[in-house]
Q: 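Dropping a structure here in structure tokens format, bear with me for questions.
In this text, all values refer to a predicted model and were calculated from it rather than measured experimentally. Index from 1, following the sequence.
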Amino acid sequence: MTIQRDGDYVLWDEWRNPDEDEVDLTALRFEAQEYQREVERATADRSWERPARTVARLREQDLRERTDRVARWECELGAVSASERLAEQLVAADPRQAAEVRGGSTDFARQPAPYQTTFALL
């Protein structure tokens with residue numbers, strides 16, 4: 001399908017299906033302002049998000065905002081994911097209890113937040 005702005009409207013058209021040669025669906029037309037409001041509402045709604053997805057989204061957002069960390073590690077950020085087990089650990093307790101310290105001392109990692117140590121949860 002192609003989505004495009006057509007004046008005061010958003011048009012969904014040119015439906016395609018790789019498994020079929022012809023797809024017989026009519027074009028759909030939406031008022032652009034109403035369409036934009038609905039896209040913004042749907043984007044802001046996180047009620048469907050599993051806890052692990054929330055952890056991964058927030059961590060990725062943090063890493064994208066604090067580009068100095070990724071640059072210091074001399075790597076590029078591709079994608080961030082988290083297991084359900086990790087999300088449960090983060091919600092249940094202080095993650096530093098299950099962390100392996102990277103780039104700092106164990107004593108420093110045990111200090112009350114805020115702390116600057118980078119750690120990997122196991």
Q: Measuring from Arg66:CZ to Arg72:CZ, what's the distance to the nearest 0.5 Å?
A: 9.0 Å
Q: Applying the 4.5 Å side-chain criterion to the ILVMFWY set and letting contacts propagate, would Val23 and Leu28 be lumped into a single cluster?
A: yes
Q: In terms of hydrophobic clusters joined by side-chain contacts under 4.5 Å, are Met1 and Val39 together?
A: yes
Q: Using 4.0 Å as the upper bound for N to carboxylate O, is an ion pair formed by Arg57 and Glu60?
A: no
Q: Would Arg41 and Glu38 count as a salt bridge (Lys or Arg N to Asp or Glu O under 4.0 Å) here? Give the steps.
A: CA-CA 5 Å; Arg41 185 205 62 76; Glu38 182 58 21; 2.6 Å; yes
Q: Working to the nearest 0.5 angstrom, can you tell me the gap between Arg69 CZ and Asp62 CG?
A: 6.0 Å
Q: Counting only heavy atoms not in Glu49 (residues, nucleotides, ligands), do more than 12 fall under 6.0 Å from its CD?
A: yes
Q: What closest approach, in Å, do Ala56 and Ser81 show between heavy atoms, and which atom pair accounts for it?
A: CB-CA, 3.7 Å
Q: Does some side-chain heavy atom of Arg16 sit less than 4.5 Å from a side-chain heavy atom of Thr2?
A: yes
Q: Transitively linked via ILVMFWY side-chain contacts under 4.5 Å: Ile3 with Leu11?
A: no
Q: If you count every heavy atom of other residues, nucleotides or ligands that lies below 6.0 Å from Glu22 atom CD, does the total exceed 12?
A: no
Q: Between the side chain of Trp15 and the main-chain N/O of Thr26, is any donor-acceptor distance below 3.5 Å?
A: yes
Q: Crowded around Glu84 CD? As in, over 12 foreign heavy atoms under 6.0 Å?
A: yes
Q: Please tell me if the side chains of Arg46 and Thr54 come closer than 4.5 Å, counting only heavy atoms from C-beta onward.
A: no
Q: State, to 0.1 Å, how close Ala52 and Ala82 come at their nearest heavy-atom pair, and which atoms those are.
A: CB-O, 3.3 Å
Q: Is Arg5 reaching over with its side chain to a backbone N or O of Gly7, donor-acceptor style, under 3.5 angstrom?
A: yes
Q: Which heavy atom of Gly78 sits nearest to which heavy atom of Arg64, and what is that distance?
A: O-NH2, 3.2 Å
Q: Counting neighbours of CG on Asp21 that are heavy atoms of other residues, nucleotides or ligands and sit closer than 6.0 Å, is the number greater than 12?
A: no
Q: Please say whether more than 12 non-hydrogen atoms of neighbouring residues, nucleotides or ligands are located less than 6.0 Å from CG in Asp8.
A: no
Q: Could you grab the distance from atom CG of Asp68 to atom CG of Leu63, nearest 0.5 Å is fine?
A: 10.0 Å
Q: Please work out whether the ring planes of Tyr35 and Phe30 are parallel, tilted or perpendicular, with thresholds of 30° and 60°.
A: tilted
